[in-house]
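Taking it in order: structure first as structure tokens, then the write-up.
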Amino acid sequence: MTTSMNILTPKDVCEIKHEMEDRIQATASKLVVTDEKLQLDGTILCYKSIVEGEEHTSKTNLVDIWLPGVAGWEHPVPLLIYPHLTETLITSLDDFASRCEHTVRFPKTTGPSYATYIGRLIEWNLLHGRYRLEHIQKKQIKDLGKQLKKGGMTHAIKLKDRLNEFLKYLDSSPEVLSSFLTFSGSADKKNKIQGIRSSLLARCIGSYSLDNMIPNEFYQKIASHIISAGYRLEDDFLDRGTIEYQQPAAKTLTHYFSCWNDLALMDGVDHLTFSPYPNIKAEAGKLGLPPSRTANIHVDDVVSLLGNAHHWLFNVAPVLIKLIKALRKLKNKSPTKGPNKGGKANERTIRERWIPKFLKTSKIVDELESVAGIKLYREGSANQTTNAKDENVWSVVDCISGLMTACYLVLQIYNARRQAEIQDPIVGIKRQYFRCKSKRHTWYQAFFFNEKHNERLWYTLNKGSTKAIQVLIKLSNAWDEHGYNGLFNVPSFALDDNHHFKCFIYNYNRGGHCRITGDKFLRLSLGREPTDIRESHTYRRIYAIIYHYQYDNADLLALCHQLGHIDPDDTMVYVTEPISRDLHEQLHHKVKLSKNEEREKTYAIKEENRALQKIIDEVDIEKTAEDILGLMLGNTSMGGKYTHYLRRIYRILDNSVTFSDDKNHKINFSDLPPETQSKKMAQVMFDKGHRNRPKPHSSCHRIPNTKRNHDGPCEPESCKRCAYQEVKDIHLSIMEQDLIDLKVIQDDFTQPYTERIQAEQASKNLEYLISHHKNTMSRNQQLFNKR
């Protein structure tokens with residue numbers, strides 16, 4: 001059944017599944033999940049999440065997960081052949097799900113990703129001949145770390161060697177090649193090869209999953225087999241795949257290590273007998289690449305994208321919508337002859353005869369080509385260009401996808417929203433989440449979903465965003481959308497049983513091989529492949545830059561709130577030029593002062609810092625006592641190790657500590673009023689080094705007895721002037737003094753020329769920082785109440 005390379009054929013996979021069906025079903029019948037976000041139906045594992053009353057689901061068939069053979073198996077076998085490992089995977093996933101909230105991401109990414117991380121460790125263990133996780137030793141975990149640093153998980157699971165064995169197997173059995181390929185149409189030599197069936201390949205070589213793991217080198221090598229077999233390749237086939245076995249990012253390893261730690265000391269299942277990564281972040285930082293910032297888009301690309309997007313919204317959209325309405329009329333047209341005379345035409349007649357005939361002669365198509373600057377395909381149906389010789393030809397479906405991309409870009413750039421928050425059928429924008437507050441003042445709002453907080457908030461829209469949502473609603477009405485959620489649905493112009501148009505679900509970043517994405521519009525706007533700007537998070541940075549430079553006195557706190565950041569220092573990264581940021585971080589190392597000046601300046605700063613630290617300490621204890629009192633009275637709910645630590649302190653003070661009252665009488669801790677108890681505990685925590693860091697959220701240090709308003713996180717009107725403001729003032733004065741010193745060096749002609757030039761450049765950057773600092777703090781200083 002197997003080859004000498006331990007590679008299975010698709011036929012082998014089917015035979016093994018059939019032979020072991022009883023064992024597979026027996027293992028599946030013993031699996032149990034308790035969390036409501038998971039469900040087991042035989043071998044089908046379903047991930048579920050309920051958001052806004054709608055159920056999001058995704059399914060995984062455990063039978064399709066295959067792993068290396070061990071303990072007597074000479075070939076890959078289904079995961080379900082290993083009952084103890086399957087139970088470990090499901091139990092760990094169930095425990096993880098119980099700690100997660102209902103979110104849009106859980107069924108799509110969070111849950112399946114966690115299972116994949118656990119499956120990777122199981123696969124690695126089996127490849128080394130170990131049947132149980134409890135046999136793994138600390139030394140072997142260290143070896144795994146070295147392998148991860150050298151080439152990531154692909155190197156650890158020996159993927160390169162296994163794929164090379166598969167290629168050698170193809171040399172001896174070329175007839176099975178077509179089974180592993182995906183075609184643009186039917187599986188014959190008339191159609192081009194689009195990609196590789198990674199799920200089938202994973203089963204044949206015994207890997208948990210090959211998603212985003214097949215290297216480009218493998219695509220290059222298998223291309224020769226495909227061409228020699230007489231098949232044709234899609235143009236981007238040779239560009240598919242990942243970079244070969246590179247060192248993973250520290251963030252990626254953090255996810256792996258966190259999941260693997262969950263396997264330590266689990267009850268009742270095969271598990272790790274020790275915690276493999278007691279210090280996750282330190283280990284991940286040592287083994288992985290350091291975090292990097294999201295790349296910025298060049299300003300010319302931003303102008304091209306926004307310019308073309310607005311052109312499609314205001315100029316192309318009316319013509320395209322008119323064309324869609326005309327195609328809809330064809331759907332409702334009655335045949336003049338034949339068996340359906342006077343009734344409804346069948347789907348094939350409309351799609352293959354009436355629509356192509358209309359596209360050939362329609363003046364609306366001519367107008368659309370003229371205003372959009374494209375060529376429309378007229379030789380067939382409205383949803384494909386399969387027979388078009390020119391790849392730059394657009395179908396009607398391509399045009400609708402392009403218009404949705406224009407709407408998507410405008411909504412994301414101007415509103416700093418994430419991908420799902422705009423286009424998802426459930427949590428994305430819908431017509432009921434769009435409203436006009438004032439026609440006279442053109443005031444429109446949208447009710448955007450926030451993935452991080454799992455709730456919706458109303459946001460005021462600018463003119464472009466308003467137009468984008470209006471276009472999406474008109475587009476939906478034009479093809480008479482029935483039974484589809486959301487506004488990002490592209491009609492396929494094929495009819496369902498109820499004589500309504502079916503549709504494709506638009507996804508901006510689904511991939512270049514799919515037509516219902518943003519790639520074609522991006523290529524039209526930029527004139528090149530959009531490989532460097534496919535990441536949607538990039539557009540949040542565009543928003544930050546536009547917001548910052550559009551207004552001279554932009555309030556950084558407002559931008560911080562809009563982006564969902566905790567601290568404005570995080571937002572500063574988005575809007576500050578890197579050269580200025582780096583300069584100021586190193587400014588005190590670059591500027592050389594005389595010993596006397598340096599001593600005096602240092603002494604003054606220390607005195608200021610001492611006074612500032614005293615203020616911060618007082619506020620720290622006050623705020624900590626306030627939090628503890630809220631927990632004691634039941635007004636505040638908080639979980640985790642912090643509350644356990646507080647209970648421990650409370651028990652120690654309650655059991656063994658006495659205090660003296662005003663009359664020098666001994667009094668037990670338990671006899672003190674709650675307010676005094678909370679202050680005593682806060683003082684103990686402060687003495688042990690715990691700090692409650694002041695933040696610029698005005699709600700952190702409110703005026704005592706002032707009720708907190710949960711409708712808005714920022715309430716500067718109700719905040720007294722706290723230590724955060726003092727820190728900012730001192731920071732400003734230090735920068736201003738640094739600028740004076742730089743100006744002196746700049747104008748001192750006795751200094752070397754290079755130092756004067758450096759001082760001049762440094763002063764320009766520092767002037768920018770000071771101006772920005774003053775602008776962002778000016779409104780806050782007026783709003784914050786004085787003590």
**Prompt:** Nearest heavy-atom pair of Ile50 and His102: which atoms, and what distance?
**Reply:** N-ND1, 3.1 Å
**Request:** Return yes if some donor-acceptor pair links the side-chain N/O of Ser92 with the main-chain N/O of Thr88 below 3.5 Å, else return no.
**Result:** no
**Item:** Mutual orientation of the aromatic rings belonging to Tyr114 and Phe96 [parallel < 30°, tilted 30-60°, perpendicular > 60°]
**Value:** parallel
**Item:** His255 NE2 to Thr116 OG1 distance, which is reported to the nearest 0.5 Å
**Value:** 13.0 Å
**Complete:** Here the pair of heavy atoms bringing Trp260 nearest to Pro276 is O-CG, 3.9 Å
**Residue pair Ser258, Asn261: steps toward the side-chain hydrogen bond (donor to acceptor under 3.5 Å, both in side chains) verdict** = CA-CA 5 Å; Ser258 178; Asn261 275 352; over 6 Å; no
**Request:** Go through Glu55 and Lys48 one step at a time and tell me if the side-chain contact (heavy atoms from CB on, under 4.5 Å) criterion holds.
**Result:** CA-CA 7 Å; Glu55 186 175 271; Lys48 298 190 299 182; 3.8 Å; yes
**Message:** Run Asp741 and Ile745 through side-chain contact (heavy atoms from CB on, under 4.5 Å) and show every step you take.
**Reply:** CA-CA 6 Å; Asp741 296 338; Ile745 297 174; 5.6 Å; no
**Value rounded to 0.5 Å, distance of CD in Gln432 from CD1 in Ile429** = 8.5 Å
**Asked** Is the backbone N or O of Ala264 less than 3.5 Å from a side-chain atom of Ser275, with the two atoms forming a donor-acceptor pair by type?
**Response** no
**Item:** Interatomic distance, Leu148 atom CG to Arg120 atom CZ [nearest 0.5 angstrom]
**Value:** 11.5 Å
**Item:** side-chain contact (heavy atoms from CB on, under 4.5 Å) evaluation trace for Val104 with Phe449
**Value:** CA-CA 11 Å; Val104 179; Phe449 187 82; 4.3 Å; yes
**Prompt:** Of the non-hydrogen atoms in Val427 and Glu52, which two are nearest, and what is the gap between them?
**Reply:** CA-OE1, 4.3 Å
**Prompt:** Distance-only, no hydrogens or angles: does the Gln445 side chain make a donor-acceptor pair with backbone N or O of Tyr459 under 3.5 Å?
**Reply:** no
**Item:** Validation row: Tyr277, Leu253 side chains within 4.5 angstrom (heavy atoms)
**Value:** no
**Prompt:** Counting distance only, does the side-chain N/O of Arg456 pair as donor-acceptor with the main-chain N or O of Phe447 below 3.5 Å?
**Reply:** yes
**Prompt:** Do you know the tightest heavy-atom contact between Cys259 and Ile118?
**Reply:** O-CD1, 3.5 Å
**Prompt:** Just wondering, more than 12 heavy atoms not from Glu455 lying within 6.0 Å of its CD?
**Reply:** yes
**Asked** Taking the side chain from Gln247 and the backbone from Leu287, do they hold a donor-acceptor pair closer than 3.5 Å?
**Response** yes
**Request:** Spell out, as yes or no, whether a donor-acceptor pair under 3.5 Å connects the side chain of Glu451 to the backbone of Glu421.
**Result:** no
**Message:** Would you call the rings of Tyr117 and Tyr256 parallel, tilted or perpendicular, taking 30° and 60° as the class edges?
**Reply:** tilted
**Message:** Take a 6.0 Å sphere around NZ of Lys430 and say whether it holds more than 12 heavy atoms from other residues, nucleotides or ligands.
**Reply:** yes
**Request:** Take Leu272 and Leu121 through the test side-chain contact (heavy atoms from CB on, under 4.5 Å) and record every step on the way to the result.
**Result:** CA-CA 11 Å; Leu272 295 175; Leu121 184 66; 4.2 Å; yes
**Message:** I need the minimum non-hydrogen distance between Asn415 and Thr460, along with the two atoms involved.
**Reply:** OD1-O, 4.5 Å
**Prompt:** Between atom CG of Leu265 and atom CD of Glu134, what is the distance when rounded to the nearest 0.5 Å?
**Reply:** 12.0 Å
**Complete:** Nearest heavy-atom approach of Arg417 to Gln412 is O-NE2, 3.0 Å
**Message:** With a 3.5 Å distance limit and no angle check, can you tell me whether Asp94 reaches the backbone of Asp35 through a side-chain donor-acceptor pair?
**Reply:** yes
**Ser98 side-chain N/O to Asp95 backbone N/O, donor-acceptor pair under 3.5 Å** = yes
**Item:** Spacing of Lys108 atom NZ and Thr57 atom OG1 [to the nearest 0.5 Å]
**Value:** 9.5 Å
**Item:** Check: Asp270 side chain, Leu133 main-chain N or O, donor-acceptor pair, under 3.5 Å
**Value:** yes
**Message:** Return the OG1 to CD distance between Thr273 and Gln137, rounded to the nearest 0.5 Å.
**Reply:** 8.5 Å
**Asked** Quick one: does His56's side chain get under 4.5 Å of Val51's, heavy atoms only?
**Response** yes
**Message:** Treating Lys37 as the side-chain partner and Phe106 as the backbone partner, does any N or O pair qualify as donor plus acceptor under 3.5 Å?
**Reply:** no
